[in-house]
Participant: 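Dumping the structure here so I can ask a few things about it.
Values below: every heavy atom of this structure, side chains too, minus hydrogens, waters and symmetry copies.
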Amino acid sequence: MLDTITARDNDTVHVFYVKSGQRLAQDILRNVGSQRGIQGQFLEFLHSLGWPVDVQKHAGWTGHISTSWKISQPEDIQENAPRVGTGGSIYDGQQQVLYWADVSSEVAFIVPSLDNFHRLQNDGGTPLY
């Protein structure tokens with residue numbers, strides 16, 4: 001049993017960009033859909049948190065138990081066209097997360113997106129972040 005326990009703490013941090021007066025989840029999640037919805041400093045802040053990793057190729061913590069600690073074979077990896085011009089929604093846990101680690105901790109930074117919200121509503125399942 002002890003052999004299956006990771007030596008590092010694994011944490012997930014959700015990062016939201018909330019404009020003054022916003023109250024609805026859909027409005028808040030829509031902010032990161034494009035660069036027009038955010039201030040440039042927000043992207044700089046995100047990139048200071050960690051480095052981008054591809055969820056399908058990363059063998060460490062990805063923010064969700066279902067996608068973490070897997071070593072994928074090249075034929076199992078689905079190549080999705082990279083999303084460009086986003087306001088951070090690229091790091092919503094579907095394709096990429098921002099990752100930081102040291103000897104005792106792994107942290108996945110997730111920027112929830114409107115796509116996650118719609119998928120959760122349609123599927124009735126748990127979010128992939």
Participant: Between Val53 and Val97, does the side-chain contact (heavy atoms from CB on, under 4.5 Å) criterion hold? Intermediate values first, please.
Facilitator: CA-CA 6 Å; Val53 296; Val97 298; 3.5 Å; yes

Participant: Rounded to the nearest 0.5 Å, how far apart are CD1 of Ile28 and CG of Leu114?
Facilitator: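 Reported value, rounded in 0.5 Å steps: 11.5 Å.
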
Participant: Enter the distance from Gln35:CD to Ser89:OG here, rounded to the nearest 0.5 Å.
Facilitator: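 Interatomic distance, Gln35 CD to Ser89 OG, rounded to 0.5 Å: 10.0 Å.
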
Participant: Using a 3.5 Å distance criterion without hydrogens, assess whether the side chain of Ser113 forms a donor-acceptor pair with backbone atoms of Asp92.
Facilitator: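 Flag not set: sc Ser113 to bb Asp92 has no pair under 3.5 Å.
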
Participant: Do Pro52 and Gln96 come close enough that some side-chain heavy atom pair is under 4.5 Å?
Facilitator: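 In contact.
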
Participant: So, do His14 and Tyr91 have ring centers that fall under 6.0 Å from each other?
Facilitator: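 That pair fails the under 6.0 Å test.
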
Participant: Between the main-chain N or O of Val55 and the side-chain N or O of Thr62, is there a donor-acceptor pair closer than 3.5 Å?
Facilitator: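 No.
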
Participant: For His64, is there any backbone N or O sitting under 3.5 Å from a side-chain donor or acceptor partner on Ser68?
Facilitator: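 Flag set: sc Ser68 to bb His64 pair under 3.5 Å.
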
Participant: Checking Asn31 side chain against Tyr17 main chain: does a donor-acceptor pair fall under 3.5 Å?
Facilitator: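 Between the backbone of Tyr17 and the side chain of Asn31 there is a qualifying donor-acceptor contact (under 3.5 Å).
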
Participant: Evaluate the side chain to side chain donor-acceptor pair (under 3.5 Å) criterion for residues Trp61 and Thr12: first the C-alpha distance (whole Å), next the side-chain angles of each, then the deciding distance (0.1 Å), finally the verdict.
Facilitator: CA-CA 9 Å; Trp61 179 244; Thr12 304; 3.2 Å; yes

Participant: Got Tyr99 and Phe109 here, is their nearest side-chain heavy-atom distance under 4.5 Å?
Facilitator: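 Not touching, per the 4.5 Å side-chain cut-off.
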
Participant: Taking Asp102's backbone N and O only, do any of them form a donor-acceptor pair with Arg8's side chain (distance below 3.5 Å, no angle check)?
Facilitator: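 Judged by distance alone, yes, a pair lies under 3.5 Å.
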
Participant: For the pair Lys19 (side chain) and Ile38 (backbone), establish whether a donor and an acceptor sit closer than 3.5 Å, ignoring hydrogens and angles.
Facilitator: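 Looks like no, no N/O pair under 3.5 Å.
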
Participant: Hydrophobic clustering (ILVMFWY, side-chain heavy atoms < 4.5 Å, transitive) - are Leu24 and Val32 grouped together?
Facilitator: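 Cluster IDs for Val32 and Leu24 differ.
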
Participant: At their closest point, which heavy atom of Trp51 faces which heavy atom of Ala101, and how far apart are they?
Facilitator: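 Scanning both residues, the minimum pair turns out to be CH2-N, 3.7 Å.
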
Participant: Hey, what do you get for CG (Leu29) to CD (Gln22), rounding to the nearest 0.5 Å?
Facilitator: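 Rounded to the nearest 0.5 Å, the CG-CD separation comes to 9.5 Å.
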
Participant: Are the side chain of His47 and the backbone N or O of Leu43 linked by a donor-acceptor pair below 3.5 Å?
Facilitator: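 Yes, His47 side chain to Leu43 backbone: donor-acceptor pair under 3.5 Å.
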
Participant: Would you please test Gln95 and Asp54 for side-chain contact (heavy atoms from CB on, under 4.5 Å) and show each step?
Facilitator: CA-CA 6 Å; Gln95 289 181 7; Asp54 187 310; 5.8 Å; no

Participant: Does Asp11 have any salt bridge (charged side-chain N to carboxylate O under 4.0 Å, His left out) partners at least two apart in sequence or in another chain, and if so, which?
Facilitator: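 For Asp11, no residue satisfies salt bridge (charged side-chain N to carboxylate O under 4.0 Å, His left out) once neighbours in sequence are set aside.
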
Participant: Do Phe45 and Val15 have side chains that get closer than 4.5 Å, going by heavy atoms?
Facilitator: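 Result yes, sub-4.5 Å side-chain heavy-atom pair found.
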
Participant: For the residue pair Trp100 and Gly50, what are the closest heavy atoms and their distance?
Facilitator: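 Taking Trp100 first and Gly50 second, the nearest heavy atoms are CB-CA, 4.4 Å.
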
